[in-house]
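Notes for the one structure printed next.
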Amino acid sequence: MKKRNLLLVALASVLFALAAPLTIDTASSPITYAKSTKKVTGHTVAKAIKSTPDLNPTASVRKFPTSVYDKYWQTFDCWYNVEAMSRPGTFKNHTASIYISNKTLRPYAAAAIQNWNQALNTKVFKLGTQASHTITVNFKHAGTGTGSWDGYYISNRVYLNYNFFDNSAYLPAVYKAETGQAMPDGNKPESSDYQALYVKYWESVITHELGHSLGLDHTPYSNDIMESDSETKGSDFKYSWSRPIIVNNNFAIFQNKLSSRDINRAHLTKILGYW
């Protein structure tokens with residue numbers, strides 16, 4: 001879910017030092033891994049994690065024996081903002097089948113599916129049928145007040161808020177809040193510029209929600225499809241933030257574009273067994 005609390009207030013970028021200590025937690029994992037005879041110390045794991053960019057599990061932390069992820073899964077969850085979010089059976093052989101009952105949503109969902117499949121170089125999502133599917137995508141009337149959301153994922157269901165989808169004033173408000181600038185042709189919903197951005201935005205919302213199905217929680221970086229305006233430090237959040245970090249004036253939510261951070265975290269959650 002991407003929070004939408006202050007639609008008419010421009011959000012400034014924020015830079016801060018990350019000094020969170022790294023502790024290695026060894027709580028039991030809900031995932032069963034294959035056994036390995038190779039021993040890796042907690043110090044080695046911690047050193048590898050600390051060497052990666054913020055919230056970006058590069059290849060150096062995705063090469064350990066499976067027993068390492070079994071032992072330290074909570075550390076990986078907290079350090080990279082990930083957790084298991086889909087109910088068991090949603091992904092079968094690392095693939096989920098998606099059913100979109102509403103015809104209006106089908107092209108948006110198809111673009112989101114293609115985005116993830118191309119980025120991960122595997123068919124992580126495929127189209128299902130009413131009789132055979134593991135994830136659904138549909139509309140929900142969820143209001144427009146404080147705390148309302150544009151997209152939501154729970155268990156194995158993606159919802160888009162129809163009250164925002166069908167509101168021509170919503171996208172210009174989001175654009176202003178995210179970028180601090182007026183949306184091109186924001187007062188002309190029928191214009192080609194407005195329509196092109198409208199399509200990309202709602203494709204991005206579904207891509208974002210499917211990211212949750214893969215086990216990806218939010219980040220503060222504007223160039224991530226999983227960016228959120230604010231979050232609170234917790235078991236699956238490395239630190240708190242109250243404003244997004246603007247990266248090179250790049251806003252993934254208006255482009256339906258995945259960052260290397262989005263992709264690397266999805267590779268990690270596959271290893272962790274979340275999809």
Side-chain angles (χ1 to χ4, degrees), residues 1-4 30-32 73 77 80-142 148-166 199-219 224-228 236 252-253 255-259 261-275:
M1 177 176 66
K2 185 165 172 55
K3 297 177 180 177
R4 290 297 182 201
I31 310 298
T32 300
W73 64 279
D77 277 9
Y80 297 110
N81 291 12
V82 299
E83 65 172 328
M85 297 187 194
S86 294
R87 73 180 188 183
T90 300
F91 291 87
K92 300 176 181 179
N93 297 319
H94 306 296
T95 299
S97 301
I98 298 179
Y99 175 60
I100 312 106
S101 59
N102 191 295
K103 292 181 179 180
T104 300
L105 285 177
R106 288 177 186 172
Y108 299 93
I113 289 170
Q114 182 181 37
N115 197 0
W116 278 115
N117 288 352
Q118 288 183 345
L120 298 176
N121 197 30
T122 185
K123 187 177 283 189
V124 59
F125 298 111
K126 66 179 182 180
L127 291 175
T129 65
Q130 185 174 10
S132 178
H133 64 271
T134 58
I135 290 177
T136 58
V137 176
N138 214 332
F139 283 122
K140 190 177 184 72
H141 291 270
S148 296
W149 42 265
D150 46 14
Y152 190 79
Y153 181 75
I154 182 169
S155 185
N156 68 335
R157 299 184 298 278
V158 172
Y159 293 113
L160 266 66
N161 186 350
Y162 189 78
N163 299 109
F164 285 148
F165 187 90
D166 193 43
V199 169
K200 282 297 179 185
Y201 180 77
W202 289 106
E203 289 175 352
S204 298
V205 171
I206 299 178
T207 300
H208 177 106
E209 300 311 323
L210 291 181
H212 285 318
S213 78
L214 297 171
L216 309 187
D217 247 326
H218 297 143
T219 82
D224 294 344
I225 204 73
M226 300 308 297
E227 175 264 329
S228 180
D236 62 317
I253 196 66
Q255 304 172 58
N256 194 29
K257 185 176 180 180
L258 296 165
S259 69
R261 188 181 293 107
D262 293 317
I263 296 166
N264 285 339
R265 292 201 301 143
H267 284 309
L268 175 65
T269 55
K270 182 180 183 180
I271 294 170
L272 289 168
Y274 300 164
W275 61 274

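A quick note: this is a predicted structure, and the numbers were derived from the prediction, not measured.
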Enter the distance from Leu105:CG to Leu160:CG here, rounded to the nearest 0.5 Å. 6.0 Å
With rounding to the nearest 0.5 Å, note down the distance linking CD in Gln130 to OG1 in Thr136. 11.0 Å
Kindly assign one of parallel, tilted or perpendicular to the pair Phe125 and Phe91, based on the angle between their ring planes and the thresholds 30° and 60°. tilted
Heavy-atom pair of closest approach, residues Asp262 and Lys257: OD2-O, 4.4 Å
What distance separates Lys123 NZ from Asn93 CG, expressed to the nearest 0.5 Å? 13.0 Å
Measure the spacing between NZ of Lys200 and CD1 of Ile253 and express it to the nearest 0.5 Å. 12.0 Å
Counting distance only, does the side-chain N/O of Thr269 pair as donor-acceptor with the main-chain N or O of Leu214 below 3.5 Å? yes
Going by heavy atoms in the side chains, are Ile135 and Tyr153 under 4.5 Å from each other? yes
Ring pair (Phe, Tyr, Trp, His ring centres under 6.0 Å) with His141: which of Phe165, Phe164, Tyr162? Tyr162
Working to the nearest 0.5 angstrom, can you tell me the gap between Thr122 OG1 and Lys270 NZ? 5.0 Å
Look at the side chain of Trp275 and the backbone N and O of Ala266, then say whether any donor-acceptor pair between them is shorter than 3.5 Å. yes
Correct closest heavy-atom pair for Leu216 and Trp116 would be CD1-CH2, 3.6 Å
Taking atom types as modelled, find out whether Thr104 and Asn102 have a side-chain donor-acceptor pair closer than 3.5 angstrom. yes
Establish, from distance only, whether the side-chain atoms of Ser259 and Asp224 form a donor-acceptor pair under 3.5 Å. yes
Looking only at side-chain N and O atoms, does Asn256 offer a donor or acceptor that is under 3.5 Å from a partner on Tyr108? no
State the CG-OG distance between Leu258 and Ser204, to the nearest 0.5 angstrom. 9.0 Å
